[in-house]
Amino acid sequence: MESKLYSAALILCLLYFSGAGFINNPGDNNDLFRKVTVTNICFYDTSRLRDIPVALYQPTDQKKHAPKQLIIFSHGYGQNKGGDNLAYSYLTENLAANGYWVASIQHELPTDSLMPATGIPQGVRPTCWERGVENIRYVISELKKKYPLLKEVEITLIGHSNGGDMTALFPQKYPGIAKTIITLDNRRMALPVNSGSAVFSLRSNDQPADEGVIPGEGELKQSGITIIYLPHTKHNDMDDHANKKQRKEINRYIGQFLGIAKN
């Protein structure tokens, strides 16, 4: 269904964006920043009566050419405060400067119920993850309508923490759409095995995943899933809180993953 902008939806979306066309925290590399353009979009899913704010990162000098891939990024849980999709600029900017288009979705809205903090996560949080999966599916569909250059490009999903759980769930619900998924320390949703997607995961040094999230050694070898442990990076250091060394390491691994999946 065609995406539309309604006045109420537009007002709500503006709450998430403190200035259109530029990144709030360009980080340390101003040359990189100048190579990237950010477009703030608010889609409205009429089937769910839901706003979906998106920050679209594009390489400034390649906006008229098909990108290497479309990357959908999903942020970690932010308690519905908004703006979390802008909090990974070191990663999204770097990808865009290297020829990828990156759509960073704001999954939580102020009108949403807070994610349950008690109980077994796999029992009380699936609604949050499923909502994120539907956001991802809708954004992919609408971006392909809005930008014909994206119709034939491959898709990679990247997500941190709670967004990583959404990313891990997506190919289980919608196989065949994402060629690659990369999770940054998702802890609750099992990484998909035999989903048809190449699966990679970067793990922190301080917050272990729940039992069953990471396949056993034998299953890992059989499935081809790649797990990398980052000995100097904590779970909460994977967004823009990351220091220069951590940013460089995470960007390097993601670049390697994308290169491996391409071959």
Smallest heavy-atom separation, Met189 atom then Ala168 atom, equals CG-CB, 3.8 Å
Indicate, with yes or no, if the rings of Tyr88 and His75 have centres closer together than 6.0 Å. no
Taking the side chain from Ser104 and the backbone from Asn85, do they hold a donor-acceptor pair closer than 3.5 Å? yes
Flag side-chain contact, heavy atom, 4.5 Å: Asp84 against Glu108: yes
Donor on one side chain, acceptor on other, Thr127 and Arg125, under 3.5 Å: no
Please indicate whether Leu49 has more than 12 foreign heavy atoms, meaning atoms of other residues, nucleotides or ligands, lying under 6.0 Å from its CG. yes
Please name the pair of heavy atoms, one in Met115 and one in Asn162, separated by the smallest distance, quoted to 0.1 Å. SD-OD1, 3.4 Å
I'd like to know whether Asn80 forms a side chain to side chain contact (heavy atoms under 4.5 Å, CB included) with Leu109, so could you lay out the CA-CA distance, the side-chain angles of the two residues, the decisive distance to 0.1 Å, and finally the verdict. CA-CA 5 Å; Asn80 303 10; Leu109 303 177; over 6 Å; no
Quick one about Asn94 and Arg252 (side-chain donor to acceptor, distance below 3.5 Å, no hydrogens or angles considered), yes or no? no
Report yes if the side chains of Asp237 and Asn243 come closer than 4.5 Å at any heavy-atom pair, otherwise no. no
When every non-hydrogen atom of Trp101 is compared with those of Pro67, the smallest separation belongs to CD1-CB, 3.2 Å
Is there a path of hydrophobic side-chain contacts, each under 4.5 Å between heavy atoms of I/L/V/M/F/W/Y residues, joining Val133 to Val124? no
Chi angles and distances behind the side chain to side chain contact (heavy atoms under 4.5 Å, CB included) call for Arg131, Arg50: CA-CA 10 Å; Arg131 182 178 65 209; Arg50 184 172 184 84; 3.5 Å; yes
For the OG1 atom of Thr167 and the CD1 atom of Ile182, what is their distance to the nearest 0.5 Å? 9.5 Å
Check whether Lys68 reaches the backbone of Asn98 with its side chain - one donor and one acceptor, N or O, closer than 3.5 Å. yes
Taking the side chain as every heavy atom from C-beta outward, state whether Pro53 and Ile41 have any atom pair closer than 4.5 Å. no
Which pair of heavy atoms, one from Gly82 and one from Gln106, lies closest together, and at what distance? CA-NE2, 3.7 Å
Does one side chain, of Thr183 or Ser201, offer a donor that lies under 3.5 Å from an acceptor on the other? yes
What do you reckon, is CD of Gln256 surrounded by more than 12 foreign heavy atoms closer than 6.0 Å? yes
What heavy-atom pair brings Asp240 and Leu86 nearest, and what distance separates the two atoms? OD2-O, 3.8 Å
pair Val102-Leu56: side-chain heavy atoms closer than 4.5 Å: no
Could you check if a side-chain atom of Leu184 sits within less than 4.5 angstrom of a side-chain atom of Met238, using non-hydrogen atoms only? yes
Excluding sequence neighbours, so at least two apart, what forms salt bridge (Lys or Arg N to Asp or Glu O under 4.0 Å) with Lys173? Glu134
According to a hydrophobic-cluster definition based on side-chain heavy atoms being under 4.5 Å apart (Ile, Leu, Val, Met, Phe, Trp, Tyr only), do Ile72 and Tyr77 belong together? no
Scanning both residues in full, the closest heavy-atom pair of Pro192 with Pro171 reads CG-CG, 3.8 Å
Mind checking side chain to side chain donor-acceptor pair (under 3.5 Å) for Ser74 and listing every partner two or more places apart, or none if nothing turns up? His107
Would you say that Gln58 contacts Thr39 through its side chain, given a criterion of any heavy-atom pair below 4.5 Å between the two side chains? yes
Beyond-backbone contact of Ile177 with Glu154, side-chain heavy atoms, under 4.5 angstrom: no
CZ/Arg137 to OH/Tyr174 distance, rounded to the nearest 0.5 angstrom? 4.5 Å
Does any non-hydrogen side-chain atom of Ile155 lie less than 4.5 Å from one of Ile140? yes
Name the orientation class of the two ring planes belonging to His235 and His160 (parallel below 30°, tilted from 30 to 60°, perpendicular beyond 60°). tilted
So among Leu258, Thr180, Ile71, Leu202, which one has a side-chain contact (heavy atoms from CB on, under 4.5 Å) with Ile158? Ile71
Is a donor from one side chain sitting under 3.5 angstrom from an acceptor on the other, for Gln122 and Asp210? yes
Give the C-alpha distance, both sets of side-chain angles, the deciding distance and a yes or no for side chain to side chain contact (heavy atoms under 4.5 Å, CB included) between Ile181 and Phe200. CA-CA 6 Å; Ile181 72 164; Phe200 303 88; over 6 Å; no
Working for side chain to side chain contact (heavy atoms under 4.5 Å, CB included), residues Thr37 and Tyr57: CA-CA 6 Å; Thr37 300; Tyr57 296 76; over 6 Å; no
Show me, pair by pair, the donor-acceptor contacts under 3.5 angstrom made by side chains of residues 220-229, not counting sequence neighbours?
unit_1: Ser223; atom_1: OG; unit_2: Glu219; atom_2: O; d: 2.9
unit_1: Ser223; atom_1: OG; unit_2: Leu220; atom_2: O; d: 3.2
unit_1: Ser223; atom_1: OG; unit_2: Ile225; atom_2: N; d: 3.3

